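Quantities reported herein were computed from a predicted structural model and do not represent experimental measurements.
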Amino acid sequence: MLLQTFLLLAVPAMAGWHPAGPGQQGPDAQSKGALTVDPDVSLPPAGNKMFGTANWGGIQRLLDMYNGTGAQNGLYRIKLYTHRPNPAEDPAYHLRLVKQAGHRVLLTCKGTPLEMATDKTEWDHLDDEYPPYARSMPEDPQAYADYLVSLLFEMHTLSGFYPDYVEIWAEPDRPEHWSGSLEDLMLLYETIARTIRSDPALAGIALGGLGMAGAFSDMGGSQSVLLELTDRAANQGWPLDFLSWHHYTVGSEMRQNRITSVLRDRLQQHHLPEVELIISEWNIFPSAENNPDALGFDGPHSAANFAAVISVILEQDIDGHTFFQLHDVDEQQGIADLLGHSVGAITRHGVKKPVFRLMELINPMANLTRLATSLPEDEFSLSIMAFEDADKIRLVVANDVVDPEWLWSVLITERTELLPGIAWKMLIGAGYAYPQRYPKVQALEAQGMSRSDAEAILGLLPEVEMAVWRKSHPRHVQLEVANQPGVQIQRVWTFDDYHNNPLLRREELLPFLEMIEFRAVAAAEDAAEAVLLSYGVPPPPGPPKARNPEELAIALGVELEVATEVWIAYWVTLHEERLAPQPDFEINNLPATVLQADSAQGAGIRVMGNTLIFPMLPNSVRVIDIDL
């Protein structure tokens, strides 16, 4: 495996390190340059571009929690599975709640119904979310487009609202999500977009896509699918209001790969500057399932990535984003909170993870003036944001560490003419060994490298080795505040392995989580029984086992309409009550969960004139308030 030597030989982290102490001394005793903030250079407020999230279902109390962070008029993503039975009902319910909460809605439409599909296969080993028929090209694209329009009208009838954005398909560059060709995809997009735009009632909906898993994926074509869509829309007059893609990697990748400038340059060439750029799904990973690093969702890693990505979104003026996702999915038995089972910012029973706590600290800054910041050249892990309030500047510094393998690929691509894998084989063949046992230029030339490539590789190796070190060691950061001769720190919030991390105190929280679940289930059973009694049906002695309303109708011996009403009453009540205020405790105000701030001294921050010096653990965040 590429860089396996690095990963095996990297020195393990010092588990007992504490930011208030001296930290681990090593090759990274100081950063290679200072982060800077200039209070004299103001930038426009972030506005609602700061806010964006996604979720599987509509829960009023969840939306109340999100709005409580200060997120107003954010972008909220909902999925419409067009291949499922009664596809409009759940997203319509969700749409109504989200619109009434004051947010804009991006509706992702995806999935071919079995009767419309070119592939009639109902199951294979790839994925059950989109079975083979659902990821195949419709036999009649126009019939599918007409069907999708009918679903939009049905959603409006049920909810009173239309979505603000319709995203056509998602991740067609993944075989478990699309089995058609690139030409099929372009035809389907054109047909859907033209059909929706032709109806006057839907004229206010922004249209776009394609929610690519990789922004530069070409699906066998000659260029990125997003560029291909842009060219065809411009040349053939297709409706195109936004381009969208997904982002599941370090925050700095968009800064490095320049995807936004590439897309904006092409849009400018076609005189389409008004087309928006939207990251319609993002997090550290797309899933917690079979993921050995999934605890990162519940701890500071997700918070560090969140701060890093938001910093790039603001730097590059990306028009919208939806963090995936707001709430843990309900697919686990028992109390699954803080076990690395889901990707949410809030656990199923309402515990605010570090990433949500970070939202609480930065979302209120959205309408405040931002301040100019800068990073050292070739800085990949650190990020910074700065906001000016009435009496303070709020700084947000993240150490979203990069994977050495990723960095190797980036640097090799930028500085040499070689492919990363081939370059690595040549390097090993020339006698390289970690750490710092570098081969001679002549040995690399003997492997077939040019002298310029050999010299470039020897120049970048220290950076890659440093990335190995930084994955498991604290980093010493310098932050300069320009034209501020004496910086005074008001308070500091730290999100790392030892601070504001309820993951480490799960056992202490478990009795409270069990109490919440007990009360929520009791309330849900009462709600379901009330529906049955309203129809004159005696409730069963225990909760019937059913996976859907159809099975519930059989188990209860009632009509499907009655069973559906019972099903909705039970699950809506269960979800809402899991987030309900408790009569005897507040789940996010316990010693294990309460958000705690420190003084500069307590946070291990030294102030030298206008410079702050402090250590940061891998995948951590510091939020620092300083006096103006």
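With a 6.0 Å radius and a threshold of 12 heavy atoms from other residues, nucleotides or ligands, E561 has its CD atom at or below the threshold. The number of heavy-atom neighbours closer than 6.0 Å to CD of E559, taken from other residues, nucleotides and ligands shown, is 12 or below. Within a 6.0 Å radius of NZ in K545, no more than 12 heavy atoms belonging to other residues, nucleotides or ligands are found. Around CD of E551, the count of heavy atoms belonging to other residues, nucleotides or ligands within 6.0 Å exceeds 12.
Using a cutoff of 4.0 Å between basic side-chain nitrogens and carboxylate oxygens, D164 and K99 are scored as salt-bridged. Classification of R348 and D298 as a salt-bridged pair fails, no side-chain N sitting under 4.0 Å from a carboxylate O. Electrostatic pairing of R415 and D378 counts as a salt bridge here, judged by a charged N lying under 4.0 Å from a carboxylate O.
H177 meets the ring-ring contact (aromatic ring centres under 6.0 Å, His included) test with Y130; sequence neighbours excluded. Scored by the ring-ring contact (aromatic ring centres under 6.0 Å, His included) test, F297 finds F285 as partners (sequence neighbours excluded). For S136, there are no side chain to side chain donor-acceptor pair (under 3.5 Å) partners, not counting sequence neighbours.
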Kindly indicate, with the supporting measurements, whether the criterion salt bridge (charged side-chain N to carboxylate O under 4.0 Å, His left out) is fulfilled by E183 and R232.
CA-CA 11 Å; E183 287 301 319; R232 297 197 189 202; 2.5 Å; yes
Run the numbers on E129 and R84 for salt bridge (charged side-chain N to carboxylate O under 4.0 Å, His left out), then give the verdict.
CA-CA 10 Å; E129 186 179 5; R84 293 185 177 178; 5.1 Å; no
Between H246 and W282, is a ring pair (Phe, Tyr, Trp, His ring centres under 6.0 Å) present by the stated rule, with each step listed?
CA-CA 6 Å; H246 297 174; W282 68 276; over 10 Å; no
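From L579, atom CG reaches atom CE of M65 across 6.0 Å, with rounding to the nearest 0.5 Å. Atoms CD1 and NE2, from I59 and H94 in turn, are 8.0 Å apart once rounded to the nearest 0.5 Å. H321 NE2 to S280 OG: the interatomic distance, rounded to the nearest 0.5 Å, is 12.0 Å.
Using a 4.5 Å heavy-atom cutoff, the side chains of F323 and S302 are in contact. By the 4.5 Å heavy-atom criterion applied to side chains, P131 and E122 are not counted as neighbours.
Using cut-offs of 30° and 60° for the angle between ring planes, the Y189 and W238 rings count as tilted. Using a 30° and 60° split on the angle between ring planes, W571 and H575 fall in the tilted class, from 30° to 60°. Using bins of under 30°, 30° to 60° and over 60° for the plane-to-plane angle, the ring pair Y76/H103 lands in the tilted bin.
Side-chain N or O atoms of H247 include one that pairs as donor or acceptor with a backbone N or O of V250 at under 3.5 Å. A donor-acceptor contact shorter than 3.5 Å links the side chain of N283 to the backbone of F324.
T108 and R77 form a side-chain donor-acceptor contact under 3.5 Å, judged by distance and modelled atom types alone. With hydrogens and angles left out, the side-chain atoms of W56 and Q325 include a donor and acceptor closer than 3.5 Å.
Partner L62 forms a side chain to side chain contact (heavy atoms under 4.5 Å, CB included) with one of T53, L97, L326 and no other, that one being L326.
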